[in-house]
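Remarks on the structure that follows.
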Amino acid sequence: MHDEFTHEPRVAYFSMEIALHNEIATYSGGLGVLAGDTIRTAADLELPMVALTLVSHYGYFRQEINADGRQIEHPHNWDPAQWAEPLTARVALTIEGRTVWVGGWLYVLEGHMNGRQPVILLDTDFGDNHPDDRAISYHLYGGDEAYRFKQELVLGVGGMRLLRALDFKLRQYHMNEGHSALLSLELLRRYAYPAEDLRPGESPYDLPRVRELCCFTTHTPVEAGHDRFSYELVDSIMGPLVDKATLKQLAGQDSLNMTRLALNLSEYVNGVAKRHAEVSRTMFPGYRVHAVTNGVHPFTWAGDSFRELFNTHFPGWCHEPELLLRADCCIPDQLILNAHRQCKQQLLEKVSMLTSVRLDPDKLTLGFARRMTAYKRPDLLFSDLARLKALARRWPLQVVLAGKAHPQDESGKQLIELLHRHMHELADDIAIAYLPDYGLDIARTMVGGVDVWLNTPLRPFEASGTSGMKAAINGVPNLSVLDGWWVEGCIEGITGWAVGDSEKVDNGDDAVSLYDKLENKVMPLFYAEDRAGWVAVMKGAIARNAAVFNSHRMMRRYATEAYIR
Ligand SMILES: *Cc1c(COP(=O)(O)O)cnc(C)c1O
């Protein structure tokens, strides 16, 4: 069944989450969507890969929002048997001294250009396993530290052993974030020299060989954000893969730092935007950190009307998104406006279906949707309600919001409540909808359906951000803080607008800058009698952003720089 994929060498791509489909609960947010776009692009490019993630039987969670604006979490059960084939192979891991059997499911990602890529969904939910161990593959990002470490063991080491049992031939191992870094220890163990070949005191490990095989993409611009486990916890869970001195030398003396481990055992390391790579170099002096700015899968994220428009004007655009460079001069304005109106209509219908809010197709509509957490500052737009109301009196304004907070992120959940309080306060002046249960489908409808995509993170916490790239494909300009990809993507007044100053350390003036930009640039242009100025920015977003910030460009770089060295 998986045999069709084992005859040629592949790149193994490990990620704690992968967004394959709206109903497949193996993702939570940006990291998973990036992983999904990576595999979708590999299918188009026919770049042989095999992706691994956990099956996550109960998913991340389904979000309900109650009358008080409080997030309620429900399990997102899904049935892998409806989507994937069970694999017969099982491999053994030792966890807390018990044998844990790891198996999996084969999901075949079928690209829209007929490419196929195998995705293995790792599973421990077998009758032979202890109930605690069966649960390891239940909840994405759930549980405590020990649960998390066991999941990372199943992903990294279990995944490696299963690939071998299935007879995959592998040329590279790509760790998408540090969660899978334990795979490098399995490689060290596998390629260790036998004791009889060693001189006394000589290390058995072939570090250069393992480094040649590994590449690592880091996504976290703050030291505190990296997974770190105490050796006490590690020792209580994981049997020895390599000797302790070697482990500490590679992963940190005080605790096992997954990022350190991945950095030390990967020949190719990259950050996900130029600014993020700079930040990472400062955080990890002595390592060579490349910059491969993220991209999004063009076909997936273009709305239906834009797919049609691009098919007519730039045949082949979704495989060669560079063709979109011509959007600024080769598509009549009216066709861009018509395509956008269709996307906006779809969003308005979705808003009516999911909420009691009714939006107006002629009003300027701002969109903001992402993980609800403090550094993303979803409340920045609402920091001066009087000014916001005054703006809306001059130029009609409406807003669509969405996003989940991690169940253990209380401040993120409070932000959702705060947004709902603002929505009620503003109800007479500005229609605001909060769409529950943000996921792939809502994202696709939102990024194309709003008029301006807003992002206001606290610098430098946004490693890249990708939703703004999805907006650009649909001719939706960004109004964003200069962090992550927007440092590269923003050409003021041409592809969108900047909020604040990229060099200033202080983020304090960002709200004022946001209101000023809306008042002086965005709103007058949107409501101008002659729409040519507005359409020019829409076209600028397509031509200068979508042509660049797509996953085809990204994957061609990974292929030529990271996978072939
Ligand atoms: C694209 C996407 C994200 C990531 O958005 P950011 O702007 O990078 O925060 C998160 N969730 C979903 C469902 C997405 O489609």
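All residue numbers in this chain count up from 1 along the given sequence. Read the numbers this way: they start at 1 and go in the same order the structure lists the ligands and their atoms. In this text the structure is predicted, and so the values were computed from the model without any measurement.
Near Gly465, meaning under 4.0 Å from one of its heavy atoms, ligand 1 places the atoms 8 (O). Ligand-side atoms of ligand 1 in range of Ala443: 15 (O), range being under 4.0 angstrom from any heavy atom.
Shown here for Tyr434 and Leu419, the closest heavy-atom pair between the two residues is CE1-CD1, 3.9 Å.
Close placement of the His226 and Phe284 rings is indicated, their centers lying within 6.0 Å of each other.
Residue Trp301 touches ligand 1 through its side chain alone, judged by heavy-atom distances below 4.0 Å.
Exactly one of Lys404, Lys413, Arg62 qualifies for a salt bridge (charged side-chain N to carboxylate O under 4.0 Å, His left out) with Glu73. That residue is Lys413. Screening Tyr13, Tyr563, Tyr558 for a side chain to side chain donor-acceptor pair (under 3.5 Å) with His174, the sole residue that qualifies is Tyr563.
Between His406 and Tyr141, the angle of the ring planes lies from 30° to 60°, which puts this pair in the tilted group.
Comparing Arg444, Glu462, Lys376 by heavy-atom distance to atom 9 (O) of ligand 1, the nearest is Lys376. Distances from atom 10 (C) of ligand 1 to the heavy atoms of Gly30, Gly403, Gly439, Gly468 put Gly30 nearest.
Inspection of the Trp534 and Asp451 side chains reveals no N or O donor paired with an N or O acceptor under 3.5 Å. Using modelled atom types, one finds no donor on one side chain facing an acceptor on the other under 3.5 Å when comparing Gln346 with Gln342.
Every N/O-N/O distance between Tyr438 and ligand 1 stays at or above 3.5 Å. At least one N/O-N/O distance between Ser467 and ligand 1 falls below 3.5 Å. Ligand 1 has a nitrogen or oxygen under 3.5 angstrom from a nitrogen or oxygen of Lys470.
In terms of protein heavy-atom proximity, atom 8 (O) of ligand 1 is closest to Thr466 N, 2.9 Å.
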